[in-house]
Each structure stands twice: as C-alpha cells, then as structure tokens.
Amino acid sequence: MMCYAVIDTNVLVSALLAKKSDSATVQVIERMIKGEIIPVYSNEIMNEYHEVLSRKKFKFSPELVTFFLSAIEKFGILAEPSEQELLFLI
C-alpha cells in the first residue's frame, strides 16, 4: 500500500542516529526508498531539513545530508502551499 506523508524533520534525524535497523524511523525511510511512502515536501520543508541535518551537533557529513535530501526530491512530490495555507499554519 502506498501513502503520501510529510516526513517530520525529527524522523529524519532519528533515522540517521538510529542504532537499530528495525527502528520505526529507519522503517519510514526504508519504505520511502521502496516507494511505499511518497514524501510530500515544500521548499520551506527542504530548507528546514537542510538546516537541521547540517547542524554540527549531529555530525552528519555533507555528503549524507545531500544524499538524503536528493532521495526526498527523487522519490517525493513538491507541493507548494498557497499563501492562505501558509497563514493558517502560522
């Protein structure tokens, strides 16, 4: 079954930090790569992903960050919210 989801930044961080390959966050990423979960993202979300994953405290390599962001763009759908939707979120 395929589903569409906005993947929370914390899920990405947790998956990259996970010690166990069967953790829930790792499973989300694996399902994304398998095409079972289609990530939905906006430019703002991608900017947040990049900013958070690039934080020094996580020690993720720039190559890993680029790989993850590229995977989201490759397997996902860019959905730009309207101005009205953005005001609702604020």
Legend entry - Phe67, CZ atom: more than 12 neighbouring heavy atoms under 6.0 Å: no
Legend entry - Criterion side chain to side chain contact (heavy atoms under 4.5 Å, CB included) on His50 and Val65, from CA distance to verdict: CA-CA 7 Å; His50 186 269; Val65 172; 4.0 Å; yes
Inset, instruction - Mind listing the closest non-hydrogen atom pair of Phe75 and Pro39 along with its distance? - result: O-CD, 3.6 Å
Legend entry - Asp22 side chain to Gln27 side chain, donor-acceptor N/O pair below 3.5 angstrom: no
Inset, instruction - Identify the two heavy atoms, one from Tyr41 and one from Glu73, that lie closest to each other, and give their separation to 0.1 Å. - result: OH-CA, 3.5 Å
Inset, instruction - Check the pair Tyr49, Ile7 against side chain to side chain contact (heavy atoms under 4.5 Å, CB included), reporting the backbone distance first and the verdict last. - result: CA-CA 10 Å; Tyr49 290 163; Ile7 300 175; 3.8 Å; yes
Legend entry - Non-hydrogen atoms of Ser23 and Ala18 that approach each other most closely: OG-CB, 3.5 Å
Legend entry - Any residue meeting side chain to side chain contact (heavy atoms under 4.5 Å, CB included) with Val52, in chain and number order, not counting sequence neighbours: Thr9, Val13, Glu48, Arg55, Phe58
Inset, instruction - Kindly indicate, with the supporting measurements, whether the criterion side chain to side chain contact (heavy atoms under 4.5 Å, CB included) is fulfilled by Ile72 and Met32. - result: CA-CA 8 Å; Ile72 290 168; Met32 178 188 75; 4.0 Å; yes
Inset, instruction - Starting at NZ of Lys59, measure out to CG of Leu17 and round the result to the nearest 0.5 Å. - result: 11.0 Å
Inset, instruction - Identify the two heavy atoms, one from Val26 and one from Ala15, that lie closest to each other, and give their separation to 0.1 Å. - result: CG2-O, 3.7 Å
Inset, instruction - Quick one: list whatever passes salt bridge (Lys or Arg N to Asp or Glu O under 4.0 Å) with Glu36, sequence neighbours left out. - result: Arg31
Inset, instruction - Grab the two heavy atoms, one from Ile37 and one from Val28, that are nearest each other, plus how far apart they are. - result: CD1-O, 3.9 Å
Legend entry - Criterion side chain to side chain contact (heavy atoms under 4.5 Å, CB included) on Glu51 and Asn47, from CA distance to verdict: CA-CA 6 Å; Glu51 189 274 319; Asn47 290 338; over 6 Å; no
Inset, instruction - Kindly compute the distance separating CG (Leu16) from CG (Leu64), expressed to the nearest 0.5 Å. - result: 5.0 Å
Legend entry - Taking every non-hydrogen atom, the tightest pair across Ser42 and Leu78: CA-CD1, 3.8 Å
